[in-house]
Enquirer: 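Below is a structure I'd like to ask you about.
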Amino acid sequence: MDKNFVPKTVEETVYKTWESGGYFTPVIDPGKKPFSVLLPPPNANADLHVGHAMYVIEDIMIRFHRMKGDPTLWLPGADHAGFETQYVYEKHLAKQGKSRFDFDRETLYRDIWNFVHENRGKMENQLRRLGFSLDWSRNIFTLNPNVIKTVYASFKQLSDEGLVYRDSRLVNYCTKDGTGFSDLEVLYVERNDPMYYMKYGPFTIATARPETKFRDTALAVNPKDKRYKKYIGQTLQIMGLLGPVSMTVIPDAEVDPEFGTGIMKVTPAHDPHDFELGKKFNLPVTPIIDFRGKMDFSWFLNQPDIDPKYRERAEKYHGKKVAVVRPLMVEDLKADGLLVKIDEAYSHRVGTCWKCGTVIEPLPLEQWYVKVEPLAKKAIEAIKKKKVTFVPKRFEKTAKQWLTNFHDWNISRQNVWGIRIPAWKCTACASWTITDGSVPSSCYSCGSDAIIQDTDTFDTWFSSGQWPFATLKATKQGDFDYFYPTSVMETGYDILPWWVCRMLMLGIHLTGKVPFETVYLHGLVRDGKGQKMSKSKGNVINPLEMIDKYGADALRMALVFGTGAGNDQSLAEDKIRGMRNFSNKLWNIARFLSLYLDKFGISEFNQLPPYAGNRRKHDDQMTSAVTELTKKVTKHMEKYQFSDAANAIYEFAWHTFADQYIEQSKPLLEAGDKQTLATLINVFYAILTLLHPFMPFITEEIWSKLPKASEDPLIISSWPGSKQS
RNA sequence: GGUCGGUUAGCUCAGCGGUAGAGCGCUGCAUUCACAUUGCAGAUGUCGCAGGUUCAAAUCCUGCACCGACCACCA
């Protein structure tokens with residue numbers, strides 16, 4: 001054996017042995033309860049980051065159960081990541097001086113498909129380099145035809161049940177990326193914006209969005225506010241930048257008399273609260289901002305007999321971006337004597353696009369919505385009845401809160417890269433025909449053949465929310481029946497609302513069973529100082545680089561060692577190096593033992609004296625210590641306490657076994673005591689076995705180099721104390 | 001405003017009812033003996049503050065103080 005363990009040369013070979021040996025593929029035994037986990041599918045076109053390496057927790061569970069003899073499935077997959085991937089592809093196009101609008105839908109889709117498939121293998125090989133024992137024979141893509149079939153069927157079913165409906169309401173729209181988003185995808189940031197106080201008839205109003213005032217349809221005051229009570233119900237003539245408009249004062253209990261001047265302008269087309277208020281008071285929804293984020297005054301300019309002064313103004317504003325128009329308006333407000341003051345120090349939360357940072361415009365648009373409440377109720381019920389449990393437990397409350405507060409879910413996206421919504425609109429009667437994916441020949445309502453398919457695609461989370469059953473129905477015959485519900489869903493707590501809750505809701509409703517029995521949530525990986533990793537800070541730890549430098553085992557161990565479930569962790573390179581040193585320690589223990597095997601001329605396991613008959617004090621001590629360790633580690637594994645398990649093995653291997661037992665054994669070995677060697681080797685095997693889920697490569701490699709009772713590779717050797725068939 | 005988390009050795013964090021732990025760092029000694037990616041020895045903590053429960057609390061309860069995360073339609 002070499003003096004030092006060199007992971008690079010070993011890991012690739014070992015992984016190939018596992019994969020070609022078929023050990024990742026479960027042997028289905030109807031008499032046994034399976035253990036199954038779905039890998040949260042990484043984006044097909046992107047490299048893995050250190051957060052993905054946290055899925056090592058899944059590999060640990062999987063390897064543990066496989067060694068216990070359970071039919072064990074860890075299902076790999078790749079996510080088409082609709083909007084996110086299209087965003088990356090558009091950047092790629094931009095480098096070539098092109099945009100997505102240069103292509104027709106089919107071409108664009110095909111090009112992105114090719115783009116993704118060129119990159120896809122990269123991510124999959126990175127998962128291999130981490131040592132993940134995924135069943136590649138079942139590897140599945142979110143755009144697999146069978147997955148799509150399930151997603152279509154679900155959409156149709158939900159629609160038939162009235163749980164999917166189409167509605168026109170204000171959508172969180174990114175005018176740069178050209179698509180709407182669900183509420184969850186809006187990222188709120190604290191920002192300073194000027195607050196404009198302007199004259200409004202007999203009042204002064206305060207607004208941070210003066211550009212929307214052209215389409216105000218009412219004024220709202222708190223019905224309890226004595227200052228304005230007398231105006232409620234009155235219709236007033238108000239002088240604006242484009243001449244007088246008439247507006248009614250309406251009561252709204254949610255108006256805060258303390259805020260601004262206590263009177264609020266109502267713009268149903270551009271503010272969600274105003275939109276609701278507009279519904280209640282039957283106000284028109286009249287937009288002033290278009291889908292490109294530009295001011296649209298065509299409604300005004302199309303009117304006959306406009307005062308030339310106002311026409312000039314409207315023309316000046318028309319077609320310009322919001323940010324450009326604001327200062328122009330301020331000038332005009334001043335000129336008309338309508339500007340009271342500007343408060344520059346106003347701080348508020350602004351919704352931005354989570355991807356590009358553009359301010360989200362609430363814009364009126366027709367979209368498909370999922371009616372969440374009935375689905376959420378079932379999910380909450382399942383949590384309460386312990387059909388699904390959380391590790392750590394506190395996330396149970398978080399999940400319930402999310403499920404209680406979800407609004408209806410907008411699942412339409414104005415993207416090309418995704419699953420196109422199987423809905424056709426009739427140009428004759430305006431009704432929608434929804435199918436299971438097959439193209440209808442005519443409108444289901446009026447029979448007209450003038451039908452056009454919706455150009456939108458599904459929110460990626462709508463399909464990934466069905467991942468547990470959509471995959472298992474698509475992989476191999478019988479998989480769904482055998483492996484569903486899956487055992488554990490392990491993922492970062494940051495996608496609890498996006499993904500975990502949605503899988504619960506859709507899974508329970510559409511299959512009648514929870515999609516997974518346990519949810520294990522891990523935290524964020526931060527840098528060595530506890531800072532969030534980001535490219536701009538330059539503190540990003542690249543998992544592949546770390547694997548090259550220290551080995552996958554070291555990285556894996558560093559990630560679980562000393563990390564509590566659900567807690568963020570700081571990962572410094574020093575910690576990984578420390579674990580590399582541990583690898584080296586193990587390697588040298590193996591070298592030491594093989595040295596004496598050679599000295600004693602032992603090449604076969606049965607040439608060693610039997611282990612079980614040891615009754616000498618020194619051997620006994622070792623044996624009972626390792627038995628204790630095994631119990632402890634097994635208990636920790638079963639309770640998802642991986643940090644404690646790793647800690648216990650590390651401590652035992654290095655500071656008990658190597659530092660004490662081996663040192664004490666040296667004189668005995670020098671005296672030619674084979675019994676001592678036999679005991680040491682057997683204890684070491686127990687350590688390797690217990691450690692294998694955490695550090696699979698080095699343990700397997702050492703295993704292969706020493707004589708053993710069975711020729712089975714470590715990956716399928718039995719966990720001590722478990723019953724194997 | 002609401003919810004959740006954190007506050008433990010110089011740094012980063014485990015532990016969460018029985019007289020303080022790990023990794024890294026630090027100090028001293030050791031090197032042809034499996035490993036310097038090492039060994040041995042060692043220093044460093046009234047476990048955020050104040051009360052309470054208990055034979056016993058870093059660990060449970062209450063309050064407070066700072067940090068942090070997430071949520072919420074204050075224009």
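Just so it is clear: chains get the letters A, B, ... in the order the sequence lines come, proteins before strands, and each one is counted from 1.
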Enquirer: Indicate, with a heavy-atom threshold strictly under 4.0 Å, whether V266(A) touches base, sugar-phosphate, or nothing.
Expert: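 The answer is nothing, as V266(A) stays clear of every strand by at least 4.0 Å.
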Enquirer: Quick one: is T207(A) getting a side-chain N or O under 4.0 Å of the A75(B) phosphate, OP1 or OP2?
Expert: no
Enquirer: With sequence neighbours left out, write down each residue that passes salt bridge (Lys or Arg N to Asp or Glu O under 4.0 Å) with K229(A), or none if nothing qualifies.
Expert: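 Checked K229(A) against salt bridge (Lys or Arg N to Asp or Glu O under 4.0 Å); zero matches.
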Enquirer: Which value, in whole Å, describes the distance between the C1' atoms of nucleotides U19(B) and U46(B)?
Expert: 14 Å
Enquirer: How would you summarise protein contacts on nucleotides 23-34 of chain B per nucleotide, using B for base, S for sugar-phosphate only and - for none, with heavy-atom distances below 4.0 Å?
Expert: SS---------B
Enquirer: In dot-bracket, 5' to 3', how would RNA chain B read with Watson-Crick or G-U wobble pairs under 3.5 Å, [ ] for crossing ones and | for pairs to another strand?
Expert: ((((((((.[[[[.)..(..]]]].(((((.......))))).....[[[[[..)....]]]]])))))))....
Enquirer: May I ask you to decide if the ring planes of Y346(A) and F259(A) are parallel, tilted or perpendicular, using 30° and 60° as cut-offs?
Expert: perpendicular
Enquirer: Inspect the contact between R209(A) and E211(A) and indicate whether a charged nitrogen and a carboxylate oxygen are less than 4.0 angstrom apart.
Expert: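 Yes, charged N to carboxylate O under 4.0 Å.
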Enquirer: Can a side chain N or O of Y346(A) be found less than 4.0 Å away from OP1 or OP2 on A75(B)?
Expert: yes
Enquirer: Any carboxylate oxygen within less than 4.0 angstrom of a Lys/Arg side-chain nitrogen, looking at K705(A) and E701(A)?
Expert: yes
Enquirer: I'd like a table of atom pairs between the protein and nucleotides 1-5 of chain B - only N or O on both sides, under 3.5 Å - with the distance next to each one.
Expert:
residue : atom : partner : partner atom : Å
U3(B)   : O3'  : K397(A) : NZ           : 3.3
U3(B)   : O2'  : Q401(A) : OE1          : 3.0
U3(B)   : O2'  : Q401(A) : NE2          : 3.2
C4(B)   : OP1  : K397(A) : NZ           : 2.4

Enquirer: How far does the P atom of C64(B) sit from the matching atom of G1(B), given to the nearest Å?
Expert: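 Approximately 13 Å lies between the P atom of C64(B) and that of G1(B).
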Enquirer: Taking the six-membered ring for Trp and the single ring otherwise, decide whether the centroids of Y650(A) and F694(A) are under 6.0 Å apart.
Expert: no
Enquirer: Could you pull out the closest heavy-atom pair between P223(A) and I232(A), with the gap in Å?
Expert: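 Of all heavy-atom pairs spanning P223(A) and I232(A), the closest is CA-CD1, 3.9 Å.
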Enquirer: If I pick the C1' atom on A22(B) and the same atom on G45(B), what distance separates them, to the nearest angstrom?
Expert: 15 Å
Enquirer: Could you check whether W402(A) gets within reach of a base, just the sugar-phosphate, or nothing at all, counting any heavy atom under 4.0 Å?
Expert: sugar-phosphate
Enquirer: Going by distance alone, is a donor N or O of one side chain under 3.5 Å from an acceptor N or O of the other, for E361(A) and H270(A)?
Expert: no
Enquirer: Which one of V221(A), L219(A), V255(A) satisfies the side-chain contact (heavy atoms from CB on, under 4.5 Å) criterion with Y228(A)?
Expert: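 Testing each of V221(A), L219(A), V255(A) against Y228(A), the sole residue satisfying side-chain contact (heavy atoms from CB on, under 4.5 Å) is V221(A).
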Enquirer: In whole Å, I'd like the distance from the CG atom of D183(A) to the P atom of C70(B).
Expert: 17 Å
Enquirer: Report which part of the nucleic acid A208(A) touches: base, sugar-phosphate, or nothing (heavy-atom distance under 4.0 Å, all strands).
Expert: nothing
Enquirer: Would you please name every residue forming a salt bridge (Lys or Arg N to Asp or Glu O under 4.0 Å) with D167(A), sequence neighbours left out?
Expert: R169(A)
Enquirer: Pairing donors with acceptors under 3.5 angstrom, does anything connect the side chains of S570(A) and K575(A)?
Expert: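 No.
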Enquirer: Base, sugar-phosphate alone, or nothing: which one does G528(A) contact when heavy atoms must sit under 4.0 Å apart?
Expert: sugar-phosphate
Enquirer: Name the nucleic acid region contacted by E254(A), choosing base, sugar-phosphate or nothing; use a 4.0 angstrom heavy-atom cut-off, strictly under.
Expert: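 Base, at least one base atom sits under 4.0 Å.
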Enquirer: By side-chain hydrogen bond (donor to acceptor under 3.5 Å, both in side chains), which residues pair with H636(A), not counting sequence neighbours?
Expert: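 Listed in chain order: Q641(A).
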